[in-house]
Amino acid sequence: MIVLLQPDADVAAVSAALQGLGLWTRPMVGGSPVVIEIESHSAAVTEEQLLAVAGVAQVRSRVSPHPRVDAMARTFELPIAGGTAVTLGLDTVLIAGPCAVESQETISQTAALVAHAGGRLLRGGAFKPRTSPYSFAGSGIAALRWLADAARQHGLGVVTEAMSELHVDAVAEVADMIQIGSRNMQNFALLAAVGKKAKPVLLKRGRGADTEEWLMAGEHLLAHGAPWVLFCERGVAGLAGETRNTLDLAAVALLRHAHSLAVAVDPSHGTGRRDLVVPMAKAGVAAGACVVLVEVHPEPAKAKSDGPQALLPAQLKELGDYFGLPPVVPANTALPPYTSRYPEFYKKSVPERRQAVIANLGLSLEAQKYLRSGQLDLAIADKMSENVISTFALPMGLGLNFRINGRDYLVPMVVEEPSVVAAASNAARMVRLAGGFRGDATASVMTAQVQFDHVANAAQAAQIIRNRSDEVMAAANGAIPRMVARGGGCIDIDVRVLTEDDGLMVLHLYVDVGDAMGANVVDTVAEKVAPLVQTWIGGTVGLRILSNLPMRRLVHVECDVGAEVVGGAALADGIARASRFAQVDPFRAATHNKGILNGIDAVAVALGQDWRAVEAGAHAYAGLGSDYRPLATWTRTVTGLRGSMELPLAIGTVGGSTQAHPGVRTAMEIVKVDSARELSVVMAAVGLASNLAALRALAGEGIQHGHMKLHARKSDVFETQPGHK
Ligand code: MEV
């Protein structure tokens, strides 16, 4: 690449500015205009950046012989027949399978191994180019059907090679991605025939091809209609005698980083040796490959071709685990019915629990991946908060046994305190025996407050606002057209004179916020309405903000539980007396309510809710009367106990962290609620269960017994940490 300088340009200054962009430069002084040669690979700089340098008149670069390749998007959403689409070009994708499709049985076995290891596409040759005419050359057309059936059965895509123009139609019929093999990289008639099929192509590099020839082969495919090409480095002829080929990782890095292309790496052919495949796969990804293509065989020793380079099943799984790939669950598998009952769940290992949930719920690949890593991407974290320096993890557990309004719910809970999840699950099991929780919530109506101060005649002003309530609501709804279009909006107003002598009054706007938590919506409304109302009543506008005591957003839950189930009549009496204690003593009520919020907050954190708002609302509601009261009460019935609880819950299932945080999206997939109202009933049920568990322990053997057993487990962990005293 060269830049041509303006006639009066200061050559040294221009060179310095270009070098400042990280470019290697060589001025060719002498002629006119002065030309500076720049090594375009020395830094990624756009033409605009070069033209912006003072003194640069023109930029000239070589006309690329492969413009379609240059313009190709780096990512591609690959549709999978009968499965979930795979995004190529971003996170590591594993493609695996045998060298050749040998029989229906082996390919089916292999597909299961590939899916288990987290592979997304099954590879395997039906037609094999072999150096020796005496070697196994594939099972032909029949093998294509075996391959496709095995892949579909396990939710995998198919990539297989078209070796000659004669087979292109048959291959295109079953392949989600057509492979061009190394030996055919410059078979231009084949490239044209495959391109015309308008399917994405995996293009292996020729053993003796340089990178320009490889890119030009891609250009052929694109020019004939292929929508996208995945360049696959599979090793070139090198000097190493002990490996089959030389895996050219510099070429991988070049295509990925200098040409911005998606690249696959095939360490099986690149090395020809099973013992080198895994390390070279990792190296390939480090160099920039986004796809790893490997050969695997259920019994490599019996493979009809390329057995020495086929991975053992356990090695494939190890590779998938290394890249953090979740096992693939076929989309069309009939799932067992959703249940919240997992007897002896606590006895299983963490991966076993995860697998049980994945199998039961049919979680998305994104959710599976999150469950395995528990990680929040720093880029997302940086957008969620400020001055971010890291992320912070807490355990996510599952509240089990919940049955609410006749339906099972598995409830994700994030909490640092031992025994909260176990206690809620245990209480839910007891309640379940008497039919589970019953509950309902009001519509999701939030309250916005507008403060007016120094209003001359506050009582009269209040009346003016009431008389013009339709106009107030119209102005409010004008500020939130999208919420109104979704069926929400301002449904009522209220005016209260707080102190007449200094003209302090407040306007309440009640806004149905649907499935949102709604803070932004009501704050917008309050800010919009305030100046309008002020023109009617004078005074000054003060605060315009939601109230965290949303009295029209209440949830009520109740349940029955048998006396025998909680531990006998005496214990049931004790629980009822504990409830009575909280009703008459605010000191106890505060602790009683803390126990309820143990459960509610844990769900709120897992589901990305504003738990400070939840806490504020709950405590304010408990303190509404003359005394601070318990949110939940327990009374004796003929058969046992009835628990009942009511509180405001401002929570949402759309917006906020629900969309940004992968852990929250995962938790939402697990809890499977359709609306914010439904979620608020689930959260309240967990609160009531937590309360029952606490009172049962307190009225019985005391809280320390169970609590300490779980604390002991925690100490075991801490005592193994370095530096712990
Ligand atoms: C501890 O986190 C919660 C309890 O104190 C609640 C209660 O006393 O009801 C056990």
Side-chain angles (χ1 to χ4, degrees), residues 346 394-400 402 411-431 437 557-559 561 565-567 570-606 609 611-612 614-619 621-623 627-636 640-647 649 683-715 718:
Y346 67 97
L394 282 173
M396 179 193 270
L398 283 183
L400 303 178
F402 280 91
V411 192
M413 299 173 76
V414 169
V415 62
E416 87 297 345
E417 183 176 334
S419 89
V420 169
V421 178
S425 302
N426 195 26
R429 183 186 56 76
M430 296 173 190
V431 171
F437 296 87
V557 284
E558 58 181 38
C559 67
V561 61
V565 175
V566 292
L571 202 45
D573 286 342
I575 293 171
R577 291 305 292 163
S579 174
R580 173 89 186 120
F581 176 19
Q583 279 168 282
V584 296
D585 179 22
F587 292 94
R588 172 57 207 159
T591 324
H592 180 100
N593 288 345
K594 191 271 181 182
I596 293 167
L597 287 159
N598 271 349
I600 293 180
D601 282 352
V603 187
V605 177
Q609 306 299 326
W611 72 93
R612 289 84 57 209
V614 167
E615 285 269 342
H619 290 300
Y621 192 70
D627 271 327
Y628 182 90
R629 291 168 304 109
L631 294 165
T633 53
W634 295 88
T635 48
R636 279 294 260 130
L641 287 159
R642 171 159 298 173
S644 168
M645 182 171 79
E646 188 172 86
L647 81 166
L649 270 182
M683 290 172 72
V686 177
L688 191 57
S690 302
N691 184 230
L692 172 60
L695 299 192
R696 178 173 174 268
L698 289 165
E701 56 195 359
I703 202 78
Q704 290 305 81
H705 183 74
H707 220 69
M708 281 305 139
K709 265 205 295 208
L710 292 162
H711 266 299
R713 276 192 357 193
K714 198 159 77 168
S715 318
F718 292 159

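Atoms within each ligand, like the ligands themselves, are counted from 1 in listed order. In this text the structure is predicted, and so the values were computed from the model without any measurement.
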For ligand 1 and Arg588, I'd like to know whether there is a polar contact (N/O to N/O, distance under 3.5 Å).
yes
If you count the non-hydrogen atoms of other residues, nucleotides and ligands that lie under 6.0 Å from CZ in Arg580, is the total more than 12?
no
Apply side chain to side chain contact (heavy atoms under 4.5 Å, CB included) to the pair Leu649 and Val614, showing each step before the final yes or no.
CA-CA 6 Å; Leu649 270 182; Val614 167; 3.6 Å; yes
Under 3.5 Å, side chain of Asn593 to main-chain N/O of Arg629, donor-acceptor pair present?
yes
For ligand 1, which atoms, with element, lie under 4.0 Å from some heavy atom of Lys594?
1 (C), 2 (O)
Taking 4.0 angstrom as the limit and counting only heavy atoms of Leu698, give me the atoms of ligand 1 inside it, by number and element.
7 (C), 8 (O), 9 (O)
N/O of Glu417 under 3.5 Å from N/O of ligand 1, yes or no?
yes
Side chains of His592 and Leu695: closer than 4.5 Å at any heavy-atom pair?
yes
Of Asn598, Val415, Val420, Asn593, the one whose closest heavy atom lies nearest atom 3 (C) of ligand 1 is Asn598
Do Met645 and Asn691 touch side chain to side chain, with heavy atoms closer than 4.5 Å?
no
